[in-house]
Structures are given as C-alpha cells and as structure tokens.
Colleague: 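A single structure is presented below for examination.
In what follows, chains are A, B, ... by sequence order, proteins preceding strands, each numbered from 1.
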2 protein chains.
Amino acid sequence: MSAVIKNKALELNPNVSVDCVIFGFDFDQLHCLLIDSGLSKTTGRSRLAVPGDLIYDNETLDEAANRVLKELTGINNIYLEQVGAFGDPNRMGKESDKEWLKSLRAEPDARVITVAYFSLVKMNDFNPEASSFAESAGWAPIKEIDELAFDHREILECALGQLKRKIKIQPIGFNLLPQKFTLSQLHKLYESILNKPLDKRNFRRKILNLKILTPLNEKQVGVPHKPSQLFEFNEENYQKLSSEGFDNFGF
Amino acid sequence: MSAVIKNKALELNPNVSVDCVIFGFDFDQLHCLLIDSGLSKTTGRSRLAVPGDLIYDNETLDEAANRVLKELTGINNIYLEQVGAFGDPNRMGKESDKEWLKSLRAEPDARVITVAYFSLVKMNDFNPEASSFAESAGWAPIKEIDELAFDHREILECALGQLKRKIKIQPIGFNLLPQKFTLSQLHKLYESILNKPLDKRNFRRKILNLKILTPLNEKQVGVPHKPSQLFEFNEENYQKLSSEGFDNFGF
DNA sequence: CTTTGAAAGTGTGTTAATGACACATAGCTA
DNA sequence: TAGCTATGTGTCATTAACACACTTTCAAAG
C-alpha cells in the first residue's frame, strides 16, 4: 500500500478527503462498515473509523468515493450519495487521531476537510476478506457503535439522518436487500432504519401500491412456518415513479 | 483587499473554498445575489458568479460561509445551510475562469473543491452599496440568470433544489420577508420558490394551522384595495413545532 | 359623492390517504 | 397429530388534501 501511495503521491491532495458510511442489513439490524487501525500506542484502545482516503487531484469527489468503496469492498456501481462536507479545524485533533495520521499520511498535520458519502450495499455481495484497505474491516450494528476516530461519529449520525429522511421519500431500501426478498424482510429493514415499529398491514399496502415490486413464482423454502412470497424490485416501474417525484409515499 | 489577503496568506487554504448562494425576495420574484468580476479580456463578456472565497485554515466551513456573507452584505446571523461539496477537477476549467483566477489568487492553478451554502436574507436589511467584496454586486431574478462562472450555475440549481425541498417540509420562508408581512406576500413567496401556483384558501388554512404566525393589530395602509392584516413570525411556537419534526406540513 | 378596480378574506363538500385493529393459514418440528 | 411460528388478509373511522366563488374594503378616478 505504501508503494501505491508513493507512486501517486504527487497527485494526492493533502487537504481533501472522502469518507464513506457504508450501510448493510443482515435481515435483523442495520450495520455500518468500519475499519480498524489497530491499537493506539498511547491509549491502548483500537481506533475504529469509517473508511476514507485523501482524494487524487485528477478525480472527482464521486469518483474518489467510488474508488474507496471499490478498494474496500471490491464492488462497483453501488448506491452512493453525498452527505456533505465536514471541516472543523479540530476534527482530527485527538491525540490518538494524530498518532494514527502520522503512520498514514505524508503530511499528517495538514488541514483536511472531508466530504462524506453514504452508500447502501447488499451484505451478501460483500466479502469482508476482499479488503485491501485497512488492518481489518467489519460490520458493526449501528446501535452498538460508540466512539469513532476523528469526527466520524458525527458523520455517521449525519449519514444516518439523511438515510432516514431519504427512505421516507424515496424507495431506496432495495439496495440493502438481495435481489429476491420477502415483504417481511423489507418491513424489518424499514423498521430498523426508522428505528420505530410500523404496522404490518399498512406497510404492505403502501409498498404494494407503489407497484415497484414484482411477485415471483417462488416461495421461501425450509422455514418452520408458512413460507412467504418472494419479490423482486422492478426497475422499470421505479423509473416511472421516480419521474413523478415519489409523491404518493411517506412513512 | 489584496493587503488583507497578503496578511493572511499563510493561513489561506489553496484547495478549499466556500460559495454562498444568497436568496432574496422582492415581493414578486425570487432573486439571487451575484458578483461581477468585470469584463473578461478574451471574451469581452462580464463574468457573473456567486460570492465565494478560499477558506482560512483556522476557521470552520460554516464560519467561512458566514464570513463571506458578512463581508458581502454586512449582515450577521443569517439563515445559512450547507448544500454540499463540488469537486469536479475541471470545474474551473473555462478560459475566462482561469483568466479571472490569475488576477485573484496566489495559486491560480491549484485544484479547488468548494463547499456550497445557501442563505436567505431579507432584501430590506441588505444595502448593496455596503459590498467590499467584488467589483460590483447585485440582485438578479432567478429566472433571468443564464450562464455563470465556474460551476456556479450547477451550484445555484442545486441550492434552489434544496430550498424547494426544504420549504415543503420546514417553514423557513420567513427569513426572506420583513418582520411584518401579509399572508399574500408569504403566499407569493411560496409560489415563487416552488414555481407553481398554490390555491389561496388552502394555503392560508395550512399556514395558519401551524400556529406560527401572530396576527398584529396593524393593517396595510395606502393600498388601493382592502388592506390586509399584518403578521409576525412567532419564534416560540416555531421552536415547539420544530421539536415535533414539522410533521403536519407539506406543499 | 358615486362608481370602478384590485386584492383581501372567507366555508363547504368530495375524495384520497392514514392509522388502528384480529384471526385464519401453511409449513416445519417434536 | 398437536403445537409453534411467521405469513397473509379487510374494514372502519379519522384525518388531510383538493377544488371551487362570492363578498368586503379601500383608494382613485370621474
């Protein structure tokens, strides 16, 4: 990795980075992908962070975010959306942060403003071993995430807020589910994101009214209860709905 | 102005700027504050742009945006909200842009990513003469704005989009009106922002139901028609509504 | 001083969306 | 074959959204 950095060092912009809040769903809880920098020498605690990197001077911000995602998950063409810029001069001011930066960056003291993105990935598609990015990486349930490096906690809150607002208006949740899924899984997903219970029947009615789900001639197998109908996301009707501005929607 | 820049040159970050899309309302149309760089030597046309500047290394992004606003309008504590970061490597690639930058910046060729903000100002409070910022500055009706310098056209669109989305959910329009205003003025404002007609009676009902307007014991005077009731924005009830998440709302 | 023009202000009926709520069904397992 | 577990389904009451037209008040003009 350091070889890579050296080769491109001239193009690395020391002042601007991107950070990616990557959400995943395991049919039970909402998760976030975190990297681990290893143990801090001073505090002895591990530093968890959201993946991110300085940008290259010849790439757009979106390209940088996609690159980070690709490097980390190996996945291309993921749902990705900008959250905003974070630029407190002291955002990397903690001792343990500085320590980490020294081992990582050519100019560890440079002022860095970061542009945050959030992305939704199908946990199935992502193989955690594929990471060539950090010492280790893994999924953490959102509810169990405590302190993070830099201002990443704030970034995470902000990204989660944006996801909540967004999913109330625009059906983007499918990006977190496998291609074939059940309505209960979708229901659970919405409850996890919005962090509140939703009435089952009303939820089904609303989602089905959108006409963006295609029922398949397939059912769950091997479950110890009534097997449920599988559905597929219907890209075509979604486009139609999208062009109308997702008006008849709301949770 | 160049003296100011020289004094603080060491602290200026060459890679990050803020740009402020400043909206105003003249009781008829939505306007945007633009600065004029003077005539380009190559194209002979004037370069209009949204006000913006490189940030100092010891200020937050919000502070930078507030500073730019202060320098331009003399007004403090204005409604201000981040729109997002814009970072296309070619965003300042036009010849006329480069020409302008050379006259303006210590490192005119540096890659600059910019963080856009939008703000709402009461046009009454703003004295255009007060500007110490650009060769000239003035209000332009949104509908008449054509090409702008850099990627400012895109930034403007984006800010306007955010304003539209926001005002549907959160009653922030009062920031564009004087302290005392009529319902018709507010009505017109909403129509201008959303760029579509809204039914008068339904509009009045909805706004009044929010209970964030205090009717005053005052009426318009000197108008050649039935004088209308004046209202004032009620900060206290707004806070109450705010804490409930602005649920019962929507245009 | 009467007429005219111009915007303010006001209420109802219809339709669509929302939210609350309970029981029968299908498949697996013990 | 009895029991467990999650699926799947309909109605009613309430609330929000939308469409729509006439009277009132003032100033200005004649």
Colleague: Take atom CD of Q179(B) as the centre, draw a 6.0 Å sphere, and report whether it contains more than 12 heavy atoms from other residues, nucleotides or ligands.
Modeller: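 Incorrect, the count does not exceed 12.
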
Colleague: Using a cut-off of 6.0 Å, state whether more than 12 heavy atoms not belonging to Q239(A) lie near its atom CD.
Modeller: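 Buried by this count: over 12 neighbours within 6.0 Å.
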
Colleague: Should S184(A) be listed as having a side-chain N or O under 4.0 Å from OP1 or OP2 of dT7(D)?
Modeller: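 Answer is yes, contact under 4.0 Å.
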
Colleague: Would a distance-only check, ignoring hydrogens and angles, find a side-chain to backbone donor-acceptor pair under 3.5 Å from S242(B) to Y238(B)?
Modeller: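 No, S242(B) side chain to Y238(B) backbone: no donor-acceptor pair under 3.5 Å.
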
Colleague: Nearest whole angstrom, please: distance from the P of dG9(C) to the NE2 of H187(B).
Modeller: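 The distance from NE2 of H187(B) to P of dG9(C) comes to 13 Å, rounded to the nearest Å.
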
Colleague: May I ask you to say whether R67(A) pairs ionically with E71(A), meaning some side-chain N is under 4.0 Å from a carboxylate O?
Modeller: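 So R67(A) pairs with E71(A) through a salt bridge.
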
Colleague: Would you name the heavy atoms of F25(A) and L30(A) that are closest together and state the gap between them?
Modeller: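 Shortest heavy-atom separation between F25(A) and L30(A) comes out as CD1-N, 4.0 Å.
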
Colleague: Rounded to whole angstrom units, what separation is found between the CG atom of L210(A) and the P atom of dA16(C)?
Modeller: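 In whole Å, dA16(C) P lies 17 Å from L210(A) CG.
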
Colleague: Determine, for nucleotides 20-30 of chain D in 5'-to-3' order, which nucleotides have protein heavy atoms under 4.0 Å from the base (write B), from only the sugar-phosphate (write S), or from neither (write -).
Modeller: BB--BBBS---

Colleague: Quick test of your reading of the model: are D26(A) and K122(A) salt-bridged, counting only N-O distances below 4.0 Å?
Modeller: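 Answer for the salt bridge query: no.
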
Colleague: dA6(D) C1' sits how many Å from L183(A) CG, rounded?
Modeller: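 L183(A) atom CG is separated from dA6(D) atom C1' by 13 Å.
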
Colleague: Taking atom P of dA17(C) as reference, at what distance in whole Å does atom NZ of K206(A) sit?
Modeller: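 For the pair K206(A) NZ and dA17(C) P, the rounded distance is 11 Å.
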
Colleague: Rounded to whole angstroms, how far apart are CG on L186(A) and P on dG8(D)?
Modeller: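 Atom CG in L186(A) sits about 13 Å away from atom P in dG8(D).
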
Colleague: With a 4.0 Å cut-off on heavy atoms, is Q229(A) in touch with a base, just the backbone sugar-phosphate, or nothing at all?
Modeller: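 Sugar-phosphate: the residue Q229(A), judged by heavy atoms under 4.0 Å, touches backbone atoms but no base.
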
Colleague: Take atom CG of L208(B) and atom C1' of dG9(C), then tell me their distance rounded to the nearest Å.
Modeller: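 Going from L208(B) (CG) to dG9(C) (C1'), I get 11 Å.
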
Colleague: Could you state the CD-C1' distance from Q220(A) to dT5(D), rounded to the nearest angstrom?
Modeller: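 About 12 Å, once rounded to whole Å.
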
Colleague: Quick one: E191(B) CD to dA7(C) P, roughly how many Å, whole number?
Modeller: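 These atoms are roughly 13 Å apart.
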
